[in-house]
Amino acid sequence: MKLGRKWRERAAARAARKAAKEAEAAAAAAASEAAETARAGGGKRGATGSAVVGGSLAAEVAEVAKDAAAEPGESPAPEAGAAAGGSGDSRGSGESVESGGHATGGTAQPARGRRRERLKAGLARTRERVAGRLRRTLGAGRRVDDALLDEVEEVLYEADLGVEACEQVLDALREQARAQRLRAVEDVVAVLREELLRLLGEPPPPLLPAGATRPRVIVLVGVNGAGKTTTIGKLAARYGAEGKRVIVAAADTFRAAAIDQLAVWAERSGAEIVRQDPGTDPAAVVFDALTAARARGADLLLVDTAGRLHNKANLMAEVQKIRRVLQRADPTMPHETLLVIDGVTGQNGLLQARGFHAAMGLTGVVLTKLDGTAKGGVVVAVKTELGVPVRLVGVGEALDDLQDFVPRAFVDEILGGLGA
Amino acid sequence: MFENLTARLDETLRRLRGQGKLSEANIAEALREVRRALLEADVNFKVAKEFIAEVREEAIGLAVAKTVSPGQQFVKIVHDHLVQLLGTGSRDIAFATKPPTRVLVVGLQGSGKTTLVAKLGLRYRQQGRRPLLVACDIHRPAAIDQLEVLGKSVGVEVFRGESGAAAEEIARDALDRARGDGFDPVIVDTAGRLHIDAGMMQEVAEVKKAVKPHEVLFVADAMTGQDAVQSAKAFDEALGLDGVVLTKMDGDARGGAAISIRAVTGKPIKFIGVGEKLNALESFHPDRVASRILGMGDVVSLVEKAQDAVDEEEALKLAEKLKKQAFTLDDFRTQLRYLRKMGPLEQILGMIPGLGSKMKGLTVDEKALVRIEAIINSMTPLERMSPKVINGSRRKRIARGSGTSVQEVNQLLRQFTEMKKMLKRLKSMGMGRRGLSGLPF
């Protein structure tokens, strides 16, 4: 390893050229065998996830299991393997379809409630602080000058709007300023609000429209730690409370204890869960879940997938297989494919959306963890570039902390509540 | 988008050559480009502003050497500055003189704390220590089970308290256990929490009081945007951080959050998480992350990986062959094998300067490499030495032997010929000097 610097440089150059060449070859070949890759895709990941989580779960889950024993579910479809794309998809034998009894979601401890109050209080405080800052920045009566525009720029950038969107909004503002239409600070806010609302577009349609065919299938995808499982729990609670029959599919068979985490959420929300052993082919879990959902006449099937970075080709192929399995069962499925984006995510959110949109055809974004100080402004770029709108926002950890996306409220948050 | 920062700066600064010196007026545009790159990489707005002001100071009056491209020179200043800001290189946690060394892991929800705790456990077990992982996340459903499963898979003991116990009680019991049974280090996992959630911040402060940690590690997602400064600052003020860990660096995020966090807390970045596998934890190298933030690729890591995979003597022999234009399909296959040994192709490609943008949306199929190798394997030694002899019937035989099609064999041969042509051209251009164009060094 003590070769001269020159050699190192040359080695790097060589490797670079080489890899570039290979990339070309790979790309060309990839096109001709896209279907093949998809099936092999998941393989890389399997090994770690196969440990079975024993009966070490909290008491709540044990109860779910008991309920399930008392009320046996319909037998799962044996031909899942065949439908799941070819042959030889060997799956774990520990299949179990659990019916999580229709327990009311009232197991939440009093401690949780208190915590939520605290959260709300904290939220209010932040809002005040930000609003105060903006009032200082855009204080009433201040003249519109370059310094003020600089400060507006800062507010927009710090909301993670990103370079493109910020410049677009600022250009609109400067144009108005040149046209002498901006006299007071109030005008600036009005222009900002109008421009942001224009970029965000019309409020999106509801996830479960009245009279939708049953079951309505919603797949959630996203990078690791974005909040997919939590969002599924909240969605299940929301539609459960509306009297809908909800089934959740535990298709995150990779991350340790992800299935148990979803089971707890299912129990809290009174939804039914379809699960198999860790390490099972996720597409097979989804197929089983769909069969169960159809047999039981469920209104809604929510599919939880493992977190994956959008730049991992093999993992993206794995999630595409889920989509294929659903499409084979019914070309209109999945009815919704939602990308879950963590509210603190910066400009990478746009890359995530591009990656998942190309692979899965997104119909919406769920923006989570907005109860902190982050604004999630990157979704503006997602909407303007890809046309994928935000559908839901997560504002806390309690079951009912999932709200429909209201562009106006979102813009108010970005602008710090000024004039709201 | 900014993989080509150097090229764009070159464009911007080309006009300066005749002037000999950089002045405030003529570098304004270049600085705007740099600012754009920083913001696009999620460096905090205010941090970027300060940073630009500092670079401006240094750049003004700098003589523009005629031999070097001004863009490269300028990027070097920016790069060096970033490295300086990111702090000195990798440092492990400091072990206490009186064991057990106690490490507290904190952060926002979903930043990767539990995974990091398991990775640290594996790291120290491999160093011959006996770590104890403590599951203090009593809030997220199944978080304790998650740590237990991970602990089992890396062969490290996990301490889980009695159900219903408060986090600080679990921590205290775990310490007793560690002292009694001689565990060291003790690594405490905590629940994810928002920095503005006063109640939850109080809870982690209690845990800290119980643990009296030697190291408080703040875990941050590499994809974090502008908000990184808020959360890092709040955690630092509440708990007094000792170090930072950036996770999910195997994604394509630029990781500007590293700059932001470092700028507001002044605390060193100790590790980076680079994958889902539990050994995917690396030391932090400021120069590499600086290159990444500026979108210049990560040549150092690339060379390191290449050195790990490539036999030196072989490499020298190959270089000799390249010079003599005697590059055969045999050598091509050897190269292919090295390439595959270096790790996942997409990761390798991401390190190559200037290639990042061209790779966008391109799926890299590792299996294509296997097929190419199979094709070469199905050739006779003569065919590998001089591909010219491969006629129609040979092609058919090769395709049958490798389980591919004649088209694929043709494609490979075409590519190989083109590659040889390219090498010839490179050589006539004088390899080495132009080989790494686009790099400031």
Side-chain angles (χ1 to χ4, degrees), chain A residues 1 3 6 8-13 15-16 18-23 25-30 37 40 48 51 53 56-58 115 118-119 122 125-126 154 157-158 160 163 223-227 256-257 260-261 264-265 309 311 313 342 344-348 351 358 369 371-374 378, chain B residues 36 39-40 42 45 108-112 141-142 145-146 148-150 152-153 163 194-199 221 223-227 230 248 250-253 299 302-303 306-307 312 315 319 335 339 346 348-349 352 355 359 361-365 367-369 371-372 411 415 419 432 435-436:
Chain A
M1 300 295 138
L3 278 174
K6 225 170 190 170
R8 281 161 148 265
E9 275 179 8
R10 252 185 277 140
K18 191 82 185 175
K21 198 75 199 165
E22 285 323 314
T37 351
T48 19
V53 192
S56 56
L57 247 188
R115 229 178 104 211
R118 284 200 302 268
L119 252 173
R125 260 199 315 281
T126 327
E154 180 175 330
Y157 271 109
E158 292 207 327
D160 280 318
V163 175
V223 299
N224 314 63
D260 300 322
Q261 186 182 345
V264 173
W265 278 113
L309 293 173
N311 60 342
D342 187 329
V344 305
T345 307
Q347 295 315 298
N348 193 246
L351 300 186
K369 307 182 202 172
D371 43 339
T373 43
V378 69
Chain B
R36 236 183 114 106
L39 288 172
E40 201 67 38
D42 288 325
F45 185 83
L108 300 175
Q109 289 96 336
S111 52
D145 298 305
Q146 185 186 349
E148 202 154 54
V149 172
L150 293 175
K152 207 174 281 175
S153 72
S163 72
L194 282 169
H195 51 287
I196 55 162
D197 185 343
D221 189 324
M223 300 178 254
T224 312
Q226 298 286 320
D227 198 49
Q230 310 273 1
K248 306 177 204 171
D250 50 330
D252 53 5
V299 195
L302 183 68
V303 173
Q307 282 178 330
E312 281 172 36
Q335 291 275 292
L339 195 69
E346 57 200 299
I348 305 292
L349 292 173
I352 299 170
L355 202 68
M359 290 300 301
L362 194 80
T363 36
V364 179
D365 182 9
K367 274 174 74 192
L369 297 188
R371 294 165 84 87
I372 290 172
Q411 196 187 357
Q415 276 170 352
M419 198 165 88
L436 275 180

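In what follows, chains are A, B, ... by sequence order, proteins preceding strands, each numbered from 1.
- Taking each heavy atom of B/Gln146 and A/Ala257 in turn, the nearest pair found is N-CB, 3.3 Å.
- Nearest heavy atoms, B/Gln226 versus A/Tyr157: CG-O, 3.1 Å.
- Scanning all heavy atoms of the two residues, the minimum distance from B/Gln109 to A/Lys369 falls at O-NZ, 2.8 Å.
- The side-chain heavy atoms of B/Asp42 and A/Asp160, taken from C-beta on, include a pair separated by under 4.5 Å.
- For the side-chain contact (heavy atoms from CB on, under 4.5 Å) criterion with B/Met223, the lone passing option out of A/Val378, A/Thr345, A/Leu351 is A/Thr345.
- When side chains are defined from C-beta on, A/Asn224 counts as touching B/Lys248, because their heavy atoms get closer than 4.5 Å.
- Scanning both residues, B/Asp252 and A/Asn348, for their nearest heavy atoms gives OD1-ND2, 2.8 Å.
- The side-chain contact (heavy atoms from CB on, under 4.5 Å) test applied to B/Thr224 returns A/Val344, B/Asp221, B/Ala228, B/Ala257, not counting sequence neighbours.
- At a 4.5 Å heavy-atom cutoff, the contact between A/Ala374 and chain B is made by backbone and side-chain atoms alike.
- Among B/Gly110, B/Pro141, B/Gly251, the residue with the largest count of heavy-atom pairs under 4.5 Å with chain A is B/Pro141.
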